[in-house]
There are 2 protein chains.
Amino acid sequence: MTVTIYDVAREARVSMATVSRVVNGNQNVKPETRNKVNEVIKKLNYRPNAVARGLASKRTTTVGVIIPDISNVYYSQLARGLEDIATMYKYHSIISNSDNDPEKEKEIFNNLLSKQVDGIIFLGGTISEEIKELINQSSVPVVVSGTNGKDDHVASVNIDFEKAAQEVTQHLIDQGAKKFALVGGDYSKKAQEDVLDGLNTVLSDNNLILEDALHLTGAESYKEGMKVFDEMKDNLPDAVLSISDEQAIGVLHGALDSGIKVPEDLQIVSFNNTRLVEMVRPQLSSVIQPLYDIGAVGMRLLTKYMNEEEIEEPNVILPHRIEYRGTTK
Amino acid sequence: MTVTIYDVAREARVSMATVSRVVNGNQNVKPETRNKVNEVIKKLNYRPNAVARGLASKRTTTVGVIIPDISNVYYSQLARGLEDIATMYKYHSIISNSDNDPEKEKEIFNNLLSKQVDGIIFLGGTISEEIKELINQSSVPVVVSGTNGKDDHVASVNIDFEKAAQEVTQHLIDQGAKKFALVGGDYSKKAQEDVLDGLNTVLSDNNLILEDALHLTGAESYKEGMKVFDEMKDNLPDAVLSISDEQAIGVLHGALDSGIKVPEDLQIVSFNNTRLVEMVRPQLSSVIQPLYDIGAVGMRLLTKYMNEEEIEEPNVILPHRIEYRGTTK
DNA sequence: TTGAAAGCGCTAACAG
DNA sequence: CTGTTAGCGCTTTCAA
């Protein structure tokens, strides 16, 4: 029923080895033979069985993607970048949602290995000890996109959150901000630490401090953002740095709904820069992370590992910009 | 180096067939033997090779997902639903972006078949002739999520857009709307037709009509929405039905930026109901499509086909609700 | 430039 | 309840 390499060989009066060579673009085939084989392939509508190929060659041209939540705008934009480059290099992607749960991440990781993927892209704001160990013992290359893996000796692609935070903080101070809040999230522990460092550096340079009560976290959703705003309502800051856009928008609407003027009384800057930032009024000022590129460069890096190309730098830092829109003065 | 079923068999002093039985949960194994094998499996850290298994059993426990754009909020929410059910049934998903391009869809489809996926989920607002043919000739089951495939004899899960459009239209007329616009998109031809039918039915019942000039389309993005608003600026309707949320928000902001009052002078209802609808002010009135469920039910349907379970109804219509929020009177 | 043959690691009759 | 034995469809030496 299904056409196999053997059928093609018989019909073309060559051996299956020759058909295999033609299919794989091996140059050691006489042009005539090649043509004949290609004709038969077309005639029989032969399509190589990737599974058999994978078993024989030990390469599946499939990569695994571990992602916290594909319906999260931030991650889905990364995913699109990943996927486009994977396609460009003829890889398919198996995508699995981890909800940022170390147990699930571990299980997915092992499942991917048993599927014999050629490489794995890990997305997630936190590299847990378990995952770190799995990565370092992995038989296939792993690249982290969106989080810095340098300290954990893991190849990665991201932006310099600390520097971005410094720039943002200084700008806000220049605009008169004195009392800051930091709104972090469960998804992005690493980025949060970096932002915190950057924020604190500049604050102390200016003889300011971040009150403990104004260092808040939430699940990085819109609703959580509104909740976070409630928590700081009685001790209102005049500037908020938020890791997540959705959460920042929650804070923004919480403020507006309470009659607080943005940006006059409260300035807000977010660090995600999903397409949401332009879709609210006032538009959200944000650090521009090149999300698509972070995904794309991560996948490109992975292909280099998979092809055993030379790697100049395993921890890529992509440039960022800051766009001051309607939520800052 | 890698541990195979053979290593386990030798170490446990049984045949590989027995190991295979244990791994696959076959009940015909003496508990003692099972325990011994399991011990060895753990000791050797044996992990079955899914590729070899796929080749031998002709089942890969992998499904393919063809999706227009994973970074589109609407589709990423569907994808999350799909994926969760797939995981529940122990399937992995290979996800590929088609950009709604029939050529790409076709190529992806064939690639997925050569990967020997056990089934395919097709997402996309339009079922082109080519795809329809591929689906109908496919050796593996295919289910369409988010679009009605009944007319094309394709299993599908979606909501009744026509009915929803009728309800929305009647409500808007009751609120005083007289001049309607329909904003469709490239992604959702099918839904658009149904909405158009529903709209026209109710309009003519009320002796109203949809002007040709007010039947517009765009690429279903925020920016396109603003552009669409510009197009209707000189011939302003008092009610807009928009297929896509992003585009509806574009229209909304286009209107607000021009000083038009929403909902007083212009009412807007969208049909997508992504999480965006609550993230703008005024909040967008919308038809609530259970996106997650549409994905989930689609995948469940596919698993039924893959397991050759009985299918009661290949074209599932899920219930919808309508939520009138801030963009309607 | 081509072919023969040995697997890749596993499942699935079949026999016992 | 367990083992033997063919393959699954392809890649990849090794020889010719």
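Within every chain, numbering begins at 1; the chains are lettered A, B, ... in the order of the sequence lines, protein sequences first and strands thereafter.
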Regarding [X] and [Y], do their side chains bring together a donor and an acceptor under 3.5 Å, going by distance alone?
X        : Y        : value
B:Ser71  : A:Gln77  : no
B:Thr61  : A:Lys115 : yes
B:Glu220 : B:Tyr74  : no

Counting the atoms with a prime plus P, OP1 and OP2 as sugar-phosphate, which does [X] contact under 4.0 Å by heavy atoms, base, sugar-phosphate, or nothing?
X       : answer
A:Ser20 : base
A:Asn28 : base
B:Val23 : nothing
B:Val51 : nothing

Starting at atom [atom1] of [X], determine the distance to atom [atom2] of [N], rounded to an integer number of angstrom.
X        : N      : atom1 : atom2 : answer
A:Asn26  : C:dT1  : CG    : P     : 10 Å
A:Ile5   : D:dT12 : CD1   : C1'   : 12 Å
A:Arg13  : C:dT2  : CZ    : P     : 16 Å
A:Lys115 : C:dC10 : NZ    : P     : 14 Å
A:Gln116 : D:dG9  : CD    : P     : 19 Å
A:Met16  : C:dG7  : CE    : C1'   : 11 Å
A:Asp7   : D:dC8  : CG    : C1'   : 14 Å
A:Leu55  : C:dC10 : CG    : C1'   : 8 Å

I'd like to know if B:Lys304 and B:Glu310 make a salt bridge, using a cut-off of under 4.0 Å between side-chain N and carboxylate O. no

May I ask you to decide whether B:Asp101 forms a salt bridge with B:Lys106, counting only side-chain N to carboxylate O separations under 4.0 Å? no

First of A:Ala17 and B:Arg21 reached from the 5' end of DNA chain D, by closest nucleotide: B:Arg21

As a test of reading the structure: which of [options] is closest to the side chain of [X], going by heavy atoms?
X       : options               : value
A:Thr33 : C:dT1, C:dC10, D:dT2  : C:dT1
A:Val14 : C:dG3, C:dC8, C:dT1   : C:dG3
A:Ala56 : C:dG3, C:dG9, C:dG7   : C:dG7
B:Thr18 : D:dT2, C:dT1, C:dG9   : D:dT2
A:Ser57 : D:dT12, D:dC10, C:dG9 : D:dT12

Using a cut-off of strictly less than 4.0 Å, decide whether [X] has a side-chain nitrogen or oxygen near OP1 or OP2 of [N].
X       : N      : result
B:Lys58 : D:dG9  : yes
B:Arg53 : C:dG9  : no
B:Thr4  : C:dG9  : no
A:Asn24 : D:dT11 : yes
A:Tyr6  : C:dG3  : no

Which one of B:Asn158, B:Asn148, B:Asp151, B:Asp152 satisfies the side-chain hydrogen bond (donor to acceptor under 3.5 Å, both in side chains) criterion with B:Lys190? B:Asp152

Polar side-chain contact B:Arg47-C:dG9 base: donor and acceptor under 3.5 Å: no

